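The structure appears right after this line, and notes come after that.
Per chain, numbering begins at 1; letters A, B, ... match sequence-line order. Here the structure is a predicted model, which means the values were calculated and not measured.
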2 protein chains.
Amino acid sequence: MNTESHLRMTRQRQVILEELRRTCSHPGADEIYARVRRRLPRISLGTIYRNLEVLSATGEIQKIETGGSLKRFDGNISPHYHIRCLRCHKVVDAPVEVLPDIERLLDGKTDFTITGHRIEFLGLCPKCQAKAEAESRYLTEM
Amino acid sequence: MNTESHLRMTRQRQVILEELRRTCSHPGADEIYARVRRRLPRISLGTIYRNLEVLSATGEIQKIETGGSLKRFDGNISPHYHIRCLRCHKVVDAPVEVLPDIERLLDGKTDFTITGHRIEFLGLCPKCQAKAEAESRYLTEM
DNA sequence: ATCCATGCAAAGCCTTTGCACCCGA
DNA sequence: TCGGGTGCAAAGGCTTTGCATGGAT
């Protein structure tokens, strides 16, 4: 994070990074904890949080500040958008090209210095969609 | 929220709604609490949270699930985007038209049922921009 | 040897919830 | 009246932090 950082690549940090790159499920700290613990049973949750912070500060992973209260992390640092299920809060990558020019829409219209943007599509994942339909059928029958 | 809801407009709910519509600062529950308390000193934080939930469920206000851990609320329910300061977490409305067609980019490309989207521009507000410049000057001088 | 990182546990922040009483429709 | 709403306080979920010890460079 600093100009001259003296970060160490500890085993814990290494494994967290590996596990994060090995999944595409955009896990929260708790899930990362569970995964990493299979390989490093003595690791602590605090270490998970501290490293997620460090790794996202150095740009090795991406912090997805999505809607829900849970912070999620992504081992894929290439710019991309997400789709979030409004019901189960699952997050998947959006199969859409990024829109680099979108930030120009703000040119001369704000006194903020714009450095980036995020797009999140909202909807229902297939499973939740099915559940929602079942429920509405149930309601109409009554 | 339900098909047949029997919601009451209590004084508390009324005042929360009014205060939310009177500001454009996208306040969190704590700030709303402070504002409302000036008019209803005996109101409880729990009531604030419960009503923010009810009001956003009925669509009378908007819950802004922005990056930070704090949930923010917006009395302006017309669709619009936001700009968030990465440093002080302030949120302002983005002076940009909404892009209704953007969701079509996903047509046939996902098995999610898309119902909406959010765009959040990220950057630095003028104040934080100034601070950041001062800091970088300080660092280069060394 | 240095000093960043870890494990553990306590504390913190924001939010939700149980319960008895209250009040709007 | 009566079922939703309120105040209060306790509990909850997730995250951060203090401290002594450990380990990467």
- N-O pairing of E31(A) and R72(A) below 4.0 Å: no
- OP1 or OP2 of dC8(D) sitting under 4.0 Å from any side-chain N/O of R42(B)? yes
- Which part of the nucleic acid, if any, lies within contact of D30(A), taking any heavy atom under 4.0 Å across all strands shown: a base, the sugar-phosphate backbone alone, or nothing? nothing
- Pairing residues for T23(A) by the side-chain contact (heavy atoms from CB on, under 4.5 Å) criterion, not counting sequence neighbours: S25(A), P27(A), R35(A)
- When the nearest nucleotide of DNA chain C is assigned to E53(B) and to Q12(B) on a heavy-atom basis, which residue is associated with the more 5' position? E53(B)
- Task: Whole angstrom is fine here: how far is it from CG in L40(A) over to P in dG23(D)?
- Result: 13 Å
- Query: Given the rule that I, L, V, M, F, W and Y join up when any side-chain heavy atoms are under 4.5 Å apart, are L105(A) and I114(A) in one cluster?
  - Reply: yes
- Nearest-Å distance, CG (L52(A)) to P (dT6(C))? 11 Å
- Distance test, side-chain N/O of T10(B) to OP1/OP2 of dT6(D), below 4.0 Å: yes
- Length of the line joining N51(A):CG and dA24(D):C1', which is rounded to integer Å: 13 Å
- R37(A) CZ to dC8(C) C1': how many Å, rounded? 13 Å
- Message: Given 3.5 Å as the limit, does a donor-acceptor pair link the side chain of R37(A) with the main chain of I43(A), or not?
- Response: no
- Task: May I have the distance from E65(A) (atom CD) to dC14(D) (atom P), rounded to whole angstrom?
- Result: 17 Å
- Query: At under 4.0 Å, does any side-chain N or O of K71(A) touch on OP1 or OP2 of dT16(D)?
  - Reply: yes
- Message: Please list all pairs meeting ring-ring contact (aromatic ring centres under 6.0 Å, His included) that have one or both residues in residues 84-125 of chain A, counting only residues at least two apart or in different chains.
- Response: Y81(A)-H117(A)
- Query: Atom NZ of K63(A) and atom P of dC14(D): how far apart are they, to the nearest Å?
  - Reply: 17 Å
Output one line per pair: protein atom, nucleotide atom from nucleotides 17-22 of chain D, and distance, for all N/O pairs under 3.5 Å.
residue	atom	partner	partner atom	Å
dG18(D)	O6	R50(A)	NH1	3.2

- Query: Within this structure, what is the CZ-to-C1' distance between R72(A) and dC14(D), rounded to whole angstrom?
  - Reply: 13 Å
- Query: Of the nucleotides dG7(C), dT6(D), dA5(C), which has the atom closest to the L7(A) side chain?
  - Reply: dA5(C)
- Item | Value in whole Å for how far the P atom of dC23(C) lies from CD of Q14(B) | 17 Å
- Under 4.0 Å between a Lys/Arg side-chain N and an Asp/Glu carboxylate O for E65(B) and R118(B)? no
- Query: Between E53(A) and R50(A), is there a side-chain N and carboxylate O pair less than 4.0 Å apart?
  - Reply: no
